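Read through the structure below, which is laid out as structure tokens, and then see the notes.
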Amino acid sequence: MPQNEHIELHRKRHGQRLDHHERKRKKESREVHERSHKAKKLIGLKAKLYHKQRHAEKIQMKKTLKMHEQRKTKQKNDDKTPEGAVPAYLLDREGQSRAKVLSNMIKQKRKEKAGKWEVPLPKVRAQGETEVLKVIKTGKRQKKAWKRMVTKVCFVGDGFTRKPPKYERFIRPMGLRFKKAHVTHPELKATFCLPILGVKKNPSSPLYTSLGVITKGTVVEVNVSELGLVTQGGKVIWGKYAQVTNNPENDGCINATVPGYPEFTRNVLTTTKNTKIQHAVGFQSQDHQEDR
Amino acid sequence: VIAADVERLLIQFQDEEGEVLGSPFDVPLDITPDKLQLVCNALLQKEEPVPLAFFVRGEAEVVSSLGSCVKALGVETEQVLPVVYQPQAVFRVRAVARCTSTLQGHTEAVISTAFSPTGKYLASGSGDTTVRFWDLMTETPHHTARGHTHWVLSIAWSPDGKKLASGCKNSQDGSIRVWDTVLGRCEKILTGHTQSVTCVKWGGDGLLYTSSQDRTVKVWRAKDGVQCRTLQGHAHWVNTLALSTDYVLRTGAFEPATATINPQDLTGSLEELKNQALQRYNKVRGSAPERLVSGSDDFTLFLWNPAEDKKPLARMTGHSALVNEVLFSPDTRLLASASFDKSIKIWDGRTGKYLMSLRGHVASVYQVAWSADSRLLVSGSSDSTLKVWDIKTGKLNMDLPGHADEVYAVDWSPDGQRVASGGKDKCLRIWRR
């Protein structure tokens, strides 16, 4: 093992032997014979190791040869017909409208057995009051501290009007009010920007639910009428529950996912154990439906 | 200006082609369509009274009374007013309301369905390369036809109900083949389209019409395969064609008015059947030549008179997404176009004038089918529902949910009893009253 480049240096300075290429060629052609001699004559553990390695090499060689052969000949297509049969009018079209139509083929449990949804994020960190609400001092001497300002993103409905400023205890700043959420469907891997209809449950506290505070893990209801979903009974679905997956106050947008159509499980949404905040018991999922 | 106390009006009955019936006579302004019908039937002197619809100035239908129609149009009462009468179908098809069975058996999505001309048999083609025949009496599978190597994209019955032709997907090469069904071999190959052919229609006057993705519609003479005309005008792929005499060519010698509860096979020798079919064809066609409508990806439809003219009769715009299927009504008066913009538009079959839009689907409308009396329309859509529309009122008659996935193919049987629909969920559903 040369430790330095003296060999290469010498070659650069003085060139190679005059018969270098000839010797190289002959050595390479002898190598094949030497290999086979070795393979025949080796015994014992060395033989086992050598044969194992050689076997793997041969398999690889055969594969590459076969690939080269296939590349050269034109193959007739497979007998098996491809999936995704489509009528003639849809042949040359990508399913661009498919991304908007969620597949109704997935089996759903019947709605009579009121099931509980399994939420994508079952456990979320509960947020304490000091984190979510900031104390606002008011009064002539700025001593009264009964007002609170929400520091997280919140949702207020369409017809929201503030209470008279003198009496409002919770301030929800306009800059932190959001109306739309980016909802991802996990099966389709498509994301839609859908208007929020309301905050269903904030796992940290019912107070936050009533205020409309949206933090990570909150379940919100979104308006899915633009997706054109239809239940098997023919009703058009216009609302769905989605769970928020990011911290909206850090990102400036609300990302949420819709749980798939899973088996319904018992308990839905809990907070981690090291806070005193209660479990949020699962709620009934009922997609809002309108009769057509 | 109509004076308020004018009570009577001179009218002259005309049929659709302009021939007058009888002489002008006086009627009170508040006459209703029923009474007009009685009078007209008396003039027509037929054995059985035929239901008629009346139109003033070709557009406004007389709905409640002649007076309201006249007032709306503001017609002068001094002159003789021509009133066009149109015979409607004698029989009435009832809307389908319930799904009587789900026929399973296909192992891939059902792509095309077709009832035989008398409505006795049902065939469906699917992505699993088979064509299955279904027995409608018991609503069970009858027979599976294997042989294709790829998805069966389209099926069509011969008008005598004895043969079914099916086509499967292969590389699209833009040529059209004319096959001899008796000897089973290809007679002619018509080339001319530069891109794949999307639709082929046999006309009744010895012409063959084809549309292609190269934005043209070509007219060929069926006898020798010579290309007569190329109809240009579309700006994008031409998806679909419809002939005004489509329905009557499809049903052949079978007259939907004579349908019975149990569909029967056509009886009679080939000559008799041919004669009957020819008579029916001439009656529907009238004196004007066949009209052709083409629907395209450029969101418009063109109405052509292909036997005579290279220029279109009318261009029908209004859709906001590509037009997937166009279909003339069986009496050739109306035209329905289904589009990916979730609506169906109804146009006048003669002039191409827009009549109404049928909205209700929440996703692209894929296919439509007319009932045999031209009063109802069923549409299948990507939102997995079918909807039955009443054309007279322009409203939704019946909503038929039940498919688990997109509905790819819809057909109404010519005897009006059943609707068959097949879709991505691999099931074929039969709907009845």
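Below, chain A is the first sequence line, B the second, and so on; all start at residue 1. Here the structure is a predicted model, which is why all the values come from computation and not from measurement.
- Residue B/K342 places its NZ atom among 12 or fewer non-hydrogen atoms of other residues, nucleotides or ligands, all under 6.0 Å distant.
- To the nearest 0.5 angstrom, A/R93 atom CZ is 6.5 Å from B/N324 atom CG.
- Annotation for A/D251: atom CG counts as buried by contact number, over 12 foreign heavy atoms lying within 6.0 Å.
- Here the shortest heavy-atom pairing between B/I111 and A/A88 reads CG2-N, 4.4 Å.
- For B/S154, no part lies under 4.5 angstrom from a heavy atom of chain A.
- Contacts between B/D297 and chain A at a heavy-atom distance below 4.5 Å involve the side chain alone, from C-beta outward.
- B/A109 and A/A85 make their closest contact through CB-O, 4.1 Å (heavy atoms, listed as atom of the first residue, atom of the second, distance).
- Between B/W151 and A/E83, the shortest heavy-atom contact is CZ2-O, 3.6 Å.
- The most heavy-atom pairs under 4.5 Å with chain A, out of B/L322, B/L400, B/T385, come from B/L322.
- Between B/Y366 and A/Y89, the two ring planes are tilted [angle within 30° to 60°].
- Contact of B/E325 with chain A is not made at all, since no heavy-atom distance falls under 4.5 Å.
- Rounding to the nearest 0.5 Å gives a distance of 7.0 Å between CG of A/L90 and CD of B/E406.
- Residue B/R215 places its CZ atom among 12 or fewer non-hydrogen atoms of other residues, nucleotides or ligands, all under 6.0 Å distant.
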